[in-house]
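First the structure, in the form of structure tokens, and then the observations on it.
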Amino acid sequence: MVRVEDFGNFETAWCPGCGNHSILKAVKQALAGLDLAPHQTLLVSGIGQAAKLPQYLHCNMFNGLHGRALPAATGARLANPRLKVFAVSGDGCNYGEGGNHFLAALRRNPDITLLAHDNQVYGLTKGQASPTTAQGQKTKTQPGGQPSVPLNPVAIAVAMRISLVVRAFSGEPDHLAAMVAQAAETPGFALVDILQPCVTFNKVNTFQWYKERCYMLGDDHDPTNWAAAMRKADEFGDRIPLGVIWRGDRAPFESLAPGRGTPLAEHRLDRSALEKLMDSFA
Amino acid sequence: MVRVEDFGNFETAWCPGCGNHSILKAVKQALAGLDLAPHQTLLVSGIGQAAKLPQYLHCNMFNGLHGRALPAATGARLANPRLKVFAVSGDGCNYGEGGNHFLAALRRNPDITLLAHDNQVYGLTKGQASPTTAQGQKTKTQPGGQPSVPLNPVAIAVAMRISLVVRAFSGEPDHLAAMVAQAAETPGFALVDILQPCVTFNKVNTFQWYKERCYMLGDDHDPTNWAAAMRKADEFGDRIPLGVIWRGDRAPFESLAPGRGTPLAEHRLDRSALEKLMDSFA
Amino acid sequence: MSPNAITILIGGEAGQGLATIGQLMAKALTRAGYEVCVTQDYQSRIRGGHNTFAIRTGPEPVYGPEEGMDILVALNQETVDRHAAHLKPGGMVVAGQKVDLDGHPGVQVPFTELASKAIYHNVAALGVLGSTLCGDLGILERLVSDTFAKKGQEVVDANLEVLRKAYHWFQAQDYSFHCLSPASEGNAADRIMLHGNEALALGALAAGCNFLSFYPMTPSTSIALTLIGKGGELGLVSEQAEDEIAALNMALGASYAGARACVTTSGGGFSLMVEAVSLAGITETPVVIFLVQRPGPATGLPTRTEQADLNLALYAGHGEFPRALLTPGTVEECFHLAHWAFDLTERYQTPVMVLSDQYLADQYCSVPRFDFASLPEITPPLLQVDELGTYQRYALSPDGVSPRLIPGYCEALVKVDSDEHDEMGHIEEGPANRTAQNEKRLAKASGLRAEVIPPELFGPEESDLLLLCWGSGLGACLEAVELLQERGHKASVLHFKQVWPLREDQFMPFLEGAKTVVAVEGNATGQFAGLLRKETGFAVQGAVLRADGYPLTATYVMQGLESWIA
Amino acid sequence: MSPNAITILIGGEAGQGLATIGQLMAKALTRAGYEVCVTQDYQSRIRGGHNTFAIRTGPEPVYGPEEGMDILVALNQETVDRHAAHLKPGGMVVAGQKVDLDGHPGVQVPFTELASKAIYHNVAALGVLGSTLCGDLGILERLVSDTFAKKGQEVVDANLEVLRKAYHWFQAQDYSFHCLSPASEGNAADRIMLHGNEALALGALAAGCNFLSFYPMTPSTSIALTLIGKGGELGLVSEQAEDEIAALNMALGASYAGARACVTTSGGGFSLMVEAVSLAGITETPVVIFLVQRPGPATGLPTRTEQADLNLALYAGHGEFPRALLTPGTVEECFHLAHWAFDLTERYQTPVMVLSDQYLADQYCSVPRFDFASLPEITPPLLQVDELGTYQRYALSPDGVSPRLIPGYCEALVKVDSDEHDEMGHIEEGPANRTAQNEKRLAKASGLRAEVIPPELFGPEESDLLLLCWGSGLGACLEAVELLQERGHKASVLHFKQVWPLREDQFMPFLEGAKTVVAVEGNATGQFAGLLRKETGFAVQGAVLRADGYPLTATYVMQGLESWIA
Ligand SMILES: Cc1ncc(C[n+]2csc(CCOP(=O)(O)OP(=O)(O)O)c2C)c(N)n1
Ligand SMILES: Cc1ncc(C[n+]2csc(CCOP(=O)(O)OP(=O)(O)O)c2C)c(N)n1
Ligand code: SF4
Ligand code: SF4
Ligand SMILES: [Mg+2]
Ligand SMILES: [Mg+2]
């Protein structure tokens with residue numbers, strides 16, 4: 001039986017009051033709930049405040065480049081099916097620098113859970129607009145207001161029908177933990193876009209702001225109805241639905257990708273196959 | 001009066017029968033129809049068969065890197081509002097290598113027309129799967145079939161509500177020319193995803209294949225109805241709708257971005273403003 | 001280096017406001033006519049951790065940080081614990097009442113008494129600090145008024161009250177610190193204070209830079225912040241790109257279409273720009289790249305300093321094309337070389353890079369006001385050509401430079417191409433054309449060579465010990481050479497503010513005239529020494545290398561030189 | 001170089017099947033025991049344009065292309081117009097009946113008579129060509145049977161019929177071409193034919209490579225094609241990535257998790273990988289990068305050849321970390337160095353690059369079968385460690401190498417980090433730790449140095465003229481040296497198949513023992529000569545540089561040497 005304590009208790013470099021603290025707790029809770037031991041889990045991250053999460057719990061960790069968590073996670077997943085793989089990073093990392101990999105993951109549908117801490121701002125680099133910052137919001141690098149509209153990653157993910165699309169909120173930690181667990185258990189790509197207040201740099205999308213808008217999706221929402229899911233995915237303003245927006249049935253990437261499906265570390269060289277292969281050049 | 005002949009007649013390096021020939025003709029037709037002289041127009045392209053298009057007509061040209069037509073076009077558009085700017089490239093260029101810029105353009109909505117020649121394959125590099133190749137389709141680099149599902153750029157663009165989203169087909173050249181013209185006249189980002197047979201490397205999505213499936217959207221489709229547009233965007237299989245899938249009313253990027261809106265080449269240094277600026281450091 | 005210089009080190013957690021106190025104090029000293037040089041040390045986090053802001057100041061020029069301090073402003077206990085042992089004789093600690101001075105000399109300031117609200121504590125600290133240095137209260141008052149003017153008279157008055165109370169509180173203490181020697185007359189009036197990144201931005205604006213595309217990356221972001229914050233009124237167009245690849249491609253598109261464009265980044269972001277650097281090379285599109293280095297590899301130490309991206313900058317981009325690399329050694333050079341970078345890139349139509357690093361980027365200095373009128377005008381590209389029908393973007397020419405026309409102003413078409421192209425700009429794969437265009441591009445290197453800024457020699461032309469440095473290594477070397485000279489060594493510094501191209505004729509006599517040449521670099525492998533050997537065959541006799549994330553200091557250099565000066 | 005060697009040049013448009021004819025002919029020659037060396041020239045287009053496929057062949061070793069040809073197979077008129085003037089004495093043209101031989105000696109083959117359908121024309125051409133060389137019809141028959149076996153007996157028979165008809169048609173002509181001198185006995189049995197990229201792929205598979213992520217880019221794509229086409233049965237996992245950035249990051253994720261991984265790319269794609277190269281450096285993750293060069297900058301000449309990405313490969317990645325660069329000179333070396341690259345990267349946990357170029361990539365050669373049994377076993381990473389609780393991915397060690405554990409097999413956790421980290425792998429920004437980890441990584445360079453493959457000397461140790469070359473420059477230099485020796489010069493070739501690290505002790509005596517050292521490189525600036533000077537101070541006396549997109553040839557080298565051998 002894996003317990004929350006098995007993941008340790010680390011000092012973090014996050015600001016007091018930051019939503020990341022709750023996300024970390026929820027992740028531990030979900031892993032323990034799934035009975036996933038630290039060594040069975042791999043957290044792959046990019047760079048940013050969110051991306052520091054894997055530093056703060058016992059787990060295998062690949063802390064890669066800003067924006068590049070998904071390709072590294074995909075490579076690891078392809079190579080080693082023994083690992084439960086998570087990609088963990090911020091909105092800037094996943095939807096800005098790493099946007100192309102996000103698109104590619106939507107096409108591939110690898111068996112990876114993406115925890116996207118969406119504080120709608122670049123935290124670690126001190127408050128520039130992120131791809132999910134509201135249009136018109138003022139920052140130091142956008143003193144006249146962000147000219148672009150925010151990306152809607154949830155809508156795009158639903159449009160591409162990946163295995164699971166979830167919206168969650170760090171201020172609803174139990175729900176979040178349940179969502180993370182469900183995502184981890186879903187074969188195929190699961191996006192958990194987690195609204196997360198940045199108390200230091202985002203003075204618009206505060207805890208209160210989210211709290212006032214977020215509501216739980218009820219049984220009346222059918223996450224397998226694509227048109228309905230698109231409608232819910234499009235809802236981000238006065239009201240923001242939390243929960244499973246979409247559930248699809250696409251096969252996970254690994255089941256279709258070339259290779260034998262055995263962990264690559266266990267492959268041993270087959271000299272006779274090699275000799276035969278050389279014959280094809282004769 | 002600008003005439004089609006003003007754009008010249010160049011020998012191309014495309015295969016006989018390639019859909020690109022019709023696209024080139026349609027582009028010239030559209031430009032002439034808009035009375036846009038060669039020097040008023042800028043074609044920015046990436047690298048690929050499609051991306052050679054600007055080589056084959058009189059126009060200003062920025063033939064950049066594979067995947068990077070959109071950022072270069074955006075920079076040019078910001079710097080020089082005198083130019084009518086088109087980005088021209090293939091599906092691999094726009095949705096593969098350049099996917100992150102496609103996402104960013106959807107957020108920005110710059111006054112650029114993107115002509116995406118969508119032959120559902122990498123042509124210039126000889127037939128590998130592209131981001132729009134059908135799942136399961138076999139190629140030399142995907143001998144077991146492409147494991148990913150195709151990207152649906154049209155659906156993603158509608159989800160992001162850019163100014164105009166069009167699906168066209170090189171086999172309907174007059175309609176295509178009309179669509180290119182409408183896109184060019186649209187303030188804001190206009191995506192024209194052009195189905196284009198690659199006679200050499202795509203033996204699945206042939207002229208016939210498209211011809212059998214494509215149909216013109218009628219008056220019963222309201223391109224300003226988002227849910228309806230999403231449904232039409234999602235239609236790509238036995239039937240493929242052609243025409244304006246979505247029309248939105250977002251402001252073009254340039255009107256919101258910082259800067260004075262005058263061509264940057266006309267800026268002259270204001271020494272007294274500079275002196276005042278230095279005072280702020282005293 | 002002035003014997004009258006002192007160091008004030010302010011320490012505390014991120015978020016405690018130490019940079020605010022430091023900046024105000026440094027500005028007050030600048031306004032009082034002192035020389036100021038700031039070194040900032042911080043961590044890759046927003047709250048907590050341990051940061052410092054060190055002001056070295058005095059009536060005569062100061063070049064860089066030193067290891068000890070005269071005044072330690074401790075915003076928390078950790079600051080005392082970490083640094084108080086390095087107090088110089090006669091030094092003192094300034095701390096709040098909750099901080100235990102641990103037997104070190106100093107004062108415990110009753111902040112809550114002096115200021116009713118916590119937001120005034122920074123100004124209280126400023127008042128005490130100003131008072132310890134026997135600073136002019138009037139200057140402090142004006143500074144506080146200017147700083148809070150935007151927030152209204154009420155806020156100004158409240159702050160002024162706290163300032164005065166704190167200033168007088170210290171004077172009433174039974175404690176005296178040796179006052180700063182008076183600053184030279186006249187120094188006060190014409191000085192400004194800014195850090196390396198601000199100076200780069202100001203130089204860019206003075207060069208008419210009107211386009212910036214960037215992706216945030218420490219320690220380069222404050223160039224972008226300054227360009228945006230200050231350049232808006234000048235009509236600067238800026239866009240935060242989706243990634244660094246977009247940033248440089250966008251800048252190239254803008255430059256092609258008529259902008260004077262730059263990008264700002266650090267090592268990781270620059271790595272992503274490498275392909276587009278090559279595009280700038282073959283399309284012959286002017287662009288300035290500000291590369292502010294931090295320790296790598298990969299994410300490395302995001303907030304620390306290093307000079308280890310020289311090799312990358314020298315060879316970034318596949319294929320062959322000319323470039324220039326400028327490496328300012330001081331805040332003033334940041335300004336001038338930023339301007340020069342735009343001048344060069346405009347005239348040679350090839351990428352020009354300015355390499356700085358976190359240390360210089362964050363180094364506030366007091367400098368004389370810049371003289372904009374003395375700067376050369378930068379020739380703009382053409383908006384019109386006579387030969388409408390025959391204009392060719394890549395017309396061959398002896399110096400490799402072709403007339404650059406901005407599209408849209410006349411009927412001539414402007415075609416630029418990432419593929420090898422003919423003079424018109426169309427794809428052309430033949431070997432004769434290839435050779436002609438490749439050689440045309442490479443020919444521009446001669447012009448760039450002719451205009452190389454020579455390295456600067458400090459000290460005798462023939463020396464026993466020549467310290468070779470580049471970029472931000474200058475200050476530490478200058479101070480080390482002063483120490484060496486005091487100890488009787490015939491020592492010199494040779495500083496390169498342009499590291500590429502190199503011209504032997506400009507410096508070989510100094511190298512050959514020195515008994516021993518030691519390279520001083522902020523990296524682990526001696527990258528500049530390697531470049532020098534490649535270009536001249538000359539091998540340095542020794543190297544003092546630092547790659548622990550901290551800037552070179554005179555003390556560090558002297559330690560490294562031990563075996564040479566025994 | 002065999003005086004009995006001849007060159008067959010096949011020319012035509014893209015899409016006319018010239019590569020098919022060429023490959024079949026080259027394979028037939030290989031099976032007959034001849035030495036074969038192919039040079040391909042094509043354009044960046046799918047149909048049209050003008051391409052050539054040149055086979056140089058003979059009973060003794062052949063090193064590379066020559067400028068003239070003995071047999072010109074003209075699939076269109078343009079081929080005659082462009083190339084017939086370079087026919088060597090006694091040479092002939094083989095063309096269809098619609099092609100005008102323009103007075104050149106040769107035959108006009110009645111293709112429509114010999115073959116009922118156009119798809120048989122390639123085999124008809126093969127039959128004629130085999131016949132001109134007095135080739136063994138049996139070998140041609142077996143080759144055709146093997147080639148079409150998959151398509152069924154009917155297709156085989158139809159092709160065989162055409163082959164025989166064409167073979168006999170030429171024999172009946174009143175025309176004779178000097179037959180090829182017989183191949184050495186026994187050569188026939190144990191030979192295979194493959195090009196440089198296929199050899200790289202085969203070497204990788206022989207090294208146990210089981211993961212490939214790539215983005216297509218000419219001229220590297222055929223490595224990926226071969227790995228995928230041939231490696232599938234061995235369990236190779238491959239994925240075409242969305243871009244090159246993803247390709248390398250994916251390979252690193254895979255390698256971390258237990259794969260033996262590589263990526264394939266060319267200059268522009270490699271430029272995009274630069275940041276991830278740095279990530280491989282700091283995370284100490286094994287990966288092999290196959291970089292097949294083409295002329296830049298930027299898109300440049302996509303289908304031509306150059307050796308101009310050496311500097312970029314040497315310094316790609318911000319920050320400092322060790323690497324190795326292997327540069328095969330022949331198809332056989334492609335195989336062996338690909339294998340060695342995996343061995344090195346696995347043992348030193350740092351990126352290893354193999355640099356090839358379009359010329360070598362597309363160069364089909366006949367080589368002896370590879371002896372897999374003689375290859376060293378590559379030690380796999382650990383799946384288990386004893387000290388579960390105390391395992392540290394970055395444990396300090398004298399040689400800089402730490403035990404590499406694959407996650408998921410035991411309870412020990414494997415943490416790798418792009419930030420500077422402690423031994424466990426957690427972020428750690430302190431200077432002492434930084435220095436320890438940075439030096440640990442750099443320490444691996446000593447091991448890599450100790451294992452450097454020495455350059456190979458061909459010719460006398462003390463020479464009048466030493467040709468210095470690397471990678472694919474070998475063939476042209478070897479042939480040039482034969483010509484020089486014939487003309488009485490004491491000439492040698494020094495060929496580097498590893499260009500980084502360099503070890504003076506392995507080659508300085510040869511450089512210093514030579515009267516004149518001339519660098520021969522496929523670039524415009526002498527990049528390797530520069531590296532050599534940087535590392536040793538040695539300056540070459542001259543350089544023969546080629547950067548027009550075409551491979552170095554003996555003729556080109558001899559022309560370049562004119563002033564040295566006057
Ligand atoms: C290639 C590269 N570019 C830029 C950076 C600088 N950088 C680090 S984190 C970050 C943004 C972080 O934003 P986000 O991903 O939203 O994470 P948050 O800090 O908000 O959790 C940036 C721009 C980097 N490390 N690497
Ligand atoms: C950075 C980089 N990677 C790869 C390539 C090679 N490349 C050139 S075109 C192309 C694909 C073209 O496909 P697409 O964009 O669909 O255009 P098409 O040829 O099908 O019109 C690739 C991979 C390149 N030029 N640059
Ligand atoms: S800056 Fe924002 S995201 Fe970062 S730790 Fe602080 S509150 Fe959290
Ligand atoms: S390969 Fe395909 S896309 Fe390219 S020119 Fe030929 S038919 Fe057109
Ligand atoms: Mg964020
Ligand atoms: Mg395509």
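Quick note on labels: first sequence line is chain A, next is B, and so on, each numbered from 1.
Here the straight-line distance linking atom CG of D/Leu301 with atom CG of C/Asn438 works out to 8.5 Å at 0.5 Å rounding. A distance of 8.5 Å separates CG in C/Asp309 from CD in D/Glu320, rounded to the nearest 0.5 Å.
A salt bridge links C/Glu306 and D/Arg434; the closest N-O separation between the charged side-chain nitrogens and carboxylate oxygens is under 4.0 Å.
Taking chain D as the reference chain and counting heavy-atom pairs below 4.5 Å, the highest number among C/Glu535, C/Gln43, C/Arg546 is found for C/Gln43. When each of D/Gly549, D/Ala308, D/Ala539, D/Gly269 is checked for heavy-atom pairs under 4.5 Å with chain C, D/Ala308 comes out on top. Of all the listed residues (C/Arg294, C/Gln307, C/Glu439, C/Gln527), the one sharing the greatest number of non-hydrogen pairs under 4.5 Å with chain D is C/Gln527.
Put simply, the side chain of D/Arg304 never gets that close to the backbone of C/Pro431: no donor and acceptor are under 3.5 Å apart.
With a 4.5 angstrom heavy-atom cutoff, C/Asn523 touches chain D via backbone and side-chain atoms both. When heavy atoms are compared at a cutoff of 4.5 Å, D/Arg441 approaches chain C solely by way of its side chain, counted from C-beta outward. Residue D/Asp417 does not touch chain C at all, counting heavy-atom pairs closer than 4.5 Å. Contact of D/Thr536 with chain C is made through the backbone alone, with heavy-atom distances under 4.5 Å. For a residue to count as touching a neighbouring chain, one of its non-hydrogen atoms must lie under 4.5 Å from one of that chain's; by this rule D/Leu314 does not touch chain C. Of the two parts of C/Gln293, neither the backbone nor the side chain holds a non-hydrogen atom closer than 4.5 Å to a non-hydrogen atom of chain D.
Contacts of residues 276-285 of chain C with chain D at a heavy-atom distance below 4.5 Å involve C/Ser278, C/Leu279, C/Ile282, listed in sequence order.
Taking the side chain as every heavy atom from C-beta outward, D/Thr299 and C/Ile427 never approach each other to under 4.5 Å.
Nearest approach of D/Ser271 to C/His318, heavy atoms of both residues: OG-ND1, 2.9 Å. Nearest heavy atoms, D/Tyr315 versus C/Leu312: O-CD1, 3.7 Å. Residues D/Ala524 and C/Leu442 come closest through the heavy atom pair CB-CD1, 3.6 Å.
Residue pairs meeting the salt bridge (charged side-chain N to carboxylate O under 4.0 Å, His left out) criterion with at least one member in residues 521-534 of chain C, sequence neighbours excluded, do not occur.
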